Amino acid sequence: EIKQLPLNDLQSIQITDALLDTAEQQVNRERHLDAWNTLLNAEDVYRKHNRLELLSRVHWMRARMLHELKEFDAAKEEIDRSATLAERLGSEEYKAETAYLLATNLYGRREYELVYQLIENRLQDSRAISLKNAIHFHNLAGLSRGKAGDLYEAEIHFLSALDISKHLNQEQYGFLYGNLGHVYSQQGRLNDAIKYLALDFEWSKNNHQFGSAS
């Protein structure tokens, strides 16, 4: 399972602007038209006040929403706009976030080798990636290797993500159990698969994350 990165999951960026806050809540409630209109308003405000960091987040949120709607071409355009602003701002955190969105876009297009190449390049410079983001990068790397049939590499990335999660609030990352359990089932390691899928089901039940359990 791919996990989207909510705004409040960023480690070093503190977004307190009311418009972005509202749009985030609307996206989470799947009120996409309302969120789109809120972001149009936000874009106008941030351009007038030259708030490039917030404008970058507008494009980032639009890309995330379009990806969820499987509008991959339109999402790519928003990713490029966000990436351009991230470069101007010189923010490594913004660059990492935009790279993750690009990787999910490629994953949606089933370009699994390109996903892995992009993520590997990012993971080589671990200083530029927060622990939270590293978990999601490893998770997406594991998913892409699994889709490409490289189950050993997929297992390594999921285990790496779980290891990193021990340094944070591990309860947030129970979806990793399901992804690892799925790899074990494909490898024929059924006892391990049952163990981790059971952990995922328990996590899903406790956190109302039934997409992962299914």
Side-chain angles (χ1 to χ4, degrees), residues 1-11 24 27-30 63-70 72 75 96-97 99-123 126 129-214:
E1 183 185 25
I2 294 179
K3 300 300 287 186
Q4 296 291 345
L5 298 182
L7 286 179
N8 59 12
D9 198 35
L10 304 182
Q11 187 175 53
E24 172 74 1
V27 170
N28 290 339
R29 294 171 185 166
E30 298 187 355
R64 197 192 82 176
M65 182 167 61
L66 288 164
H67 177 81
E68 290 176 358
L69 296 171
K70 301 189 185 306
F72 298 121
E97 291 294 331
Y100 182 81
L101 268 185
L102 179 57
T104 60
N105 187 274
L106 291 169
Y107 187 88
R109 298 172 188 270
R110 301 180 182 180
E111 300 280 357
Y112 303 125
E113 290 297 334
L114 291 177
V115 172
Y116 194 63
Q117 290 172 20
L118 174 61
I119 291 175
E120 280 289 277
N121 288 336
R122 280 285 160 181
L123 288 174
S126 59
I129 304 177
S130 68
L131 290 179
K132 289 180 179 180
N133 288 346
I135 289 172
H136 291 285
F137 272 99
H138 277 294
N139 181 56
L140 191 51
L143 290 171
S144 66
R145 294 322 293 158
K147 290 289 188 180
D150 191 341
L151 299 178
Y152 174 76
E153 282 292 328
E155 177 189 355
I156 293 299
H157 280 289
F158 291 138
L159 287 172
S160 295
L162 277 171
D163 188 55
I164 295 170
S165 75
K166 295 175 184 177
H167 302 286
L168 301 169
N169 181 2
Q170 198 168 11
E171 290 185 3
Q172 295 181 17
Y173 305 105
F175 61 89
L176 295 168
Y177 295 134
N179 289 343
L180 186 57
H182 183 61
V183 167
Y184 285 147
S185 70
Q186 290 178 294
Q187 292 173 336
R189 297 164 58 181
L190 299 186
N191 287 336
D192 289 329
I194 290 169
K195 172 186 173 181
Y196 280 94
L197 291 172
L199 286 170
D200 179 46
F201 183 77
E202 189 64 25
W203 174 81
S204 298
K205 183 173 64 174
N206 292 339
N207 293 276
H208 305 287
Q209 297 275 355
F210 294 108
S212 184
S214 66

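Please read these numbers as outputs of a predicted model, since none were measured by experiment.
Tyr100 places none of its side-chain heavy atoms less than 4.5 Å from the side chain of Ile119. Side-chain atoms of Gln186 and Glu155, non-hydrogen and from C-beta on, never get closer than 4.5 Å to each other. Side-chain contact between Leu143 and Asn139 is present, with at least one heavy-atom pair separated by less than 4.5 Å. Considering only heavy atoms from C-beta on, Glu68 comes within 4.5 Å of Val27 through its side chain.
With sequence neighbours excluded, no residue forms a side-chain contact (heavy atoms from CB on, under 4.5 Å) with Ala198. Residues forming a side-chain contact (heavy atoms from CB on, under 4.5 Å) with Ala63 (at least two apart in sequence, or on another chain): Glu78, Ile79, Leu101. Considering only residues two or more places apart in sequence or on other chains, Glu202 meets the side-chain contact (heavy atoms from CB on, under 4.5 Å) condition with Lys205, Asn206. With sequence neighbours left out, Asp163 forms a side-chain contact (heavy atoms from CB on, under 4.5 Å) with Lys166. With sequence neighbours excluded, no residue satisfies ring pair (Phe, Tyr, Trp, His ring centres under 6.0 Å) with Tyr177.
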What's the verdict on side chain to side chain contact (heavy atoms under 4.5 Å, CB included) for Glu24 and Arg64, showing C-alpha distance, side-chain angles and the deciding distance? CA-CA 11 Å; Glu24 172 74 1; Arg64 197 192 82 176; 3.5 Å; yes

Test His138 against Tyr173 for ring-ring contact (aromatic ring centres under 6.0 Å, His included), laying out the working first. CA-CA 12 Å; His138 277 294; Tyr173 305 105; over 10 Å; no

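The closest donor-acceptor contact from the side chain of Arg122 to the backbone of Ala99 lies at 3.5 Å or more, if one exists at all.
Leu176 approaches Ile135 most closely through the heavy-atom pair CD1-CG2, 4.1 Å. Nearest heavy-atom pair across Ala103 and Val115 is O-CG2, 3.5 Å. The two residues Ala96 and Asn133 make their nearest non-hydrogen contact at CB-ND2, 4.4 Å. Nearest heavy atoms, Asn105 versus Phe72: ND2-O, 3.0 Å. For the residue pair Gly181 and Ala193, the shortest heavy atom distance occurs at O-CB, 3.5 Å.
From Leu106, atom CG reaches atom OH of Tyr116 across 15.5 Å, with rounding to the nearest 0.5 Å. To the nearest 0.5 Å, atom CG of residue Asp200 and atom CG of residue Asn179 are 7.5 Å apart. Note: Leu180 CG to His157 NE2 = 13.0 Å, rounded to the nearest 0.5 Å. Atom NE2 of His136 and atom CG of Leu131 lie 11.5 Å apart (nearest 0.5 Å). The structure places CD of Gln117 at 10.0 Å from OG of Ser144, a figure rounded to the nearest 0.5 Å. Distance check: Leu197 CG to Lys195 NZ gives 12.0 Å after rounding to the nearest 0.5 Å.
Enclosure of atom CD in Gln187 by more than 12 non-hydrogen atoms of other residues, nucleotides or ligands within 6.0 angstrom is indicated.
Legend: salt bridge (Lys or Arg N to Asp or Glu O under 4.0 Å) pairs involving residues 133-147, not counting sequence neighbours, sorted by first then second residue: Glu113-Arg145, Arg145-Asp150.
The ring-ring contact (aromatic ring centres under 6.0 Å, His included) test with Tyr196 is passed by exactly one of Phe201, Phe175, Tyr184: Tyr184.
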